[in-house]
Amino acid sequence: MAIDGHSSCGKSTMAKSLAAKVGYIYVDTGAMYRAVTLFAMRQGLFDAQGQPDAARLEALVPQIEVSFRLDPATHLPLVCLNGEVVEEAVRTLEVSSHVSAIAALPFVREALTRQQQRMGEEKGIVMDGRDIGTVVFPQAELKVFVTASAEVRAQRRYLELTAKGQSVAFEDILRNVQERDYIDSHRELAPLRQADDALVLDNSELTREEQMQWLLDRFEERTGASASCN
Ligand code: DC
């Protein structure tokens, strides 16, 4: 199942709950791009303008291993960089501000797309990202394109980060959301766009429960399977 859409529109929360309800494995592809970004930051590969040294990063690709490990308490996947759990470290505003430039690099996209396709070979996966329904799994049984207004998304991310104790300004987050929308939708390779056969879910005005019901109804329609016994 492919869940694509704009940043900070609650895709991952939604995809996680859906996967748990229908007994599928959840894969957060944004976390994979974030882990590569964290690697590049730690290696000092960004210049003062926030541009990565692509040639040096490409040479270091064999040294980057992105994987997932299940959290024993929540049973949710935690993203790992070279064996270290970096689930928290990849969610900072600093990583968010650098990730679009990394996600635009062809060799990064090729490597992660291949890895994602291998993960989906056995099916039974809910994958969230930007290009899952268009590039990674064009044959997905259900494709959902999620969106909400930039202000609503920035407000959600602001509450999420301040709840974790991070000191951030709403305006910076709104700017980051708008910049990422622009870069993600205008990059040459695998830009964020709605697949022709995707169902659109604008959740600006929906509660989590309403969204989940909508998703479960679509899942049942597409697969003929009911999630009620899971
Ligand atoms: O979903 P997220 O905000 O954690 O994603 C982080 C960044 O990674 C986002 O700016 C776009 C990029 N991304 C991508 O280009 N392709 C994906 N499949 C997933 C994320």
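Just so you know, residue 1 is the first one in the sequence shown, and it goes up from there. Start at 1 and go down the list; that is how both ligands and their atoms are numbered. Quick caveat: nothing in here was measured; it's all calculated off a predicted structure.
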Distance-only donor-acceptor hits, side chain of residues 46-58, under 3.5 Å, sequence neighbours excluded:
{"residue": "Asp47", "atom": "OD1", "partner": "Gln49", "partner atom": "N", "Å": "2.9"}
{"residue": "Asp47", "atom": "OD1", "partner": "Gly50", "partner atom": "N", "Å": "3.0"}
{"residue": "Asp47", "atom": "OD1", "partner": "Gln51", "partner atom": "N", "Å": "2.8"}
{"residue": "Asp53", "atom": "OD1", "partner": "Ala55", "partner atom": "N", "Å": "3.4"}
{"residue": "Asp53", "atom": "OD1", "partner": "Arg56", "partner atom": "N", "Å": "3.1"}

Where does ligand 1 get N/O contacts under 3.5 Å from the protein, atom by atom?
{"residue": "ligand 1", "atom": "1 (O)", "partner": "Arg130", "partner atom": "NH1", "Å": "3.0"}
{"residue": "ligand 1", "atom": "1 (O)", "partner": "Arg130", "partner atom": "NH2", "Å": "3.3"}
{"residue": "ligand 1", "atom": "3 (O)", "partner": "Arg34", "partner atom": "NH2", "Å": "3.2"}
{"residue": "ligand 1", "atom": "3 (O)", "partner": "Arg130", "partner atom": "NH2", "Å": "3.2"}
{"residue": "ligand 1", "atom": "3 (O)", "partner": "Arg180", "partner atom": "NH1", "Å": "2.9"}
{"residue": "ligand 1", "atom": "4 (O)", "partner": "Arg34", "partner atom": "NE", "Å": "2.7"}
{"residue": "ligand 1", "atom": "4 (O)", "partner": "Arg34", "partner atom": "NH2", "Å": "3.4"}
{"residue": "ligand 1", "atom": "5 (O)", "partner": "Arg130", "partner atom": "NH2", "Å": "3.4"}
{"residue": "ligand 1", "atom": "10 (O)", "partner": "Arg180", "partner atom": "NH1", "Å": "3.3"}
{"residue": "ligand 1", "atom": "10 (O)", "partner": "Asp184", "partner atom": "OD2", "Å": "3.2"}
{"residue": "ligand 1", "atom": "15 (O)", "partner": "Arg109", "partner atom": "NH1", "Å": "2.8"}
{"residue": "ligand 1", "atom": "15 (O)", "partner": "Arg109", "partner atom": "NH2", "Å": "3.4"}
{"residue": "ligand 1", "atom": "15 (O)", "partner": "Arg187", "partner atom": "NH1", "Å": "2.9"}
{"residue": "ligand 1", "atom": "15 (O)", "partner": "Arg187", "partner atom": "NH2", "Å": "3.0"}
{"residue": "ligand 1", "atom": "16 (N)", "partner": "Arg109", "partner atom": "NH2", "Å": "3.0"}
{"residue": "ligand 1", "atom": "18 (N)", "partner": "Thr29", "partner atom": "OG1", "Å": "3.0"}
{"residue": "ligand 1", "atom": "18 (N)", "partner": "Arg130", "partner atom": "N", "Å": "3.2"}
{"residue": "ligand 1", "atom": "18 (N)", "partner": "Asp131", "partner atom": "OD1", "Å": "2.9"}

(request) Without swapping roles, check the side chain of Asp71 against the backbone of Leu78 for a donor-acceptor pair under 3.5 Å. (result) no

(request) Would you confirm whether Arg34, through its side chain, and Val99, through its main-chain N or O, come within 3.5 Å as a donor-acceptor pair? (result) no

(message) Tell me whether Arg118 is salt-bridged to Glu121, with the criterion being a basic N under 4.0 Å from an acidic carboxylate O.
(response) no

(message) Here's a test for you: under salt bridge (Lys or Arg N to Asp or Glu O under 4.0 Å), which of Asp197, Asp4, Asp131 qualifies with Lys143?
(response) Asp197

(request) Assess whether atom CD1 of Ile25 is packed by more than 12 heavy atoms of other residues, nucleotides or ligands within 6.0 Å. (result) no

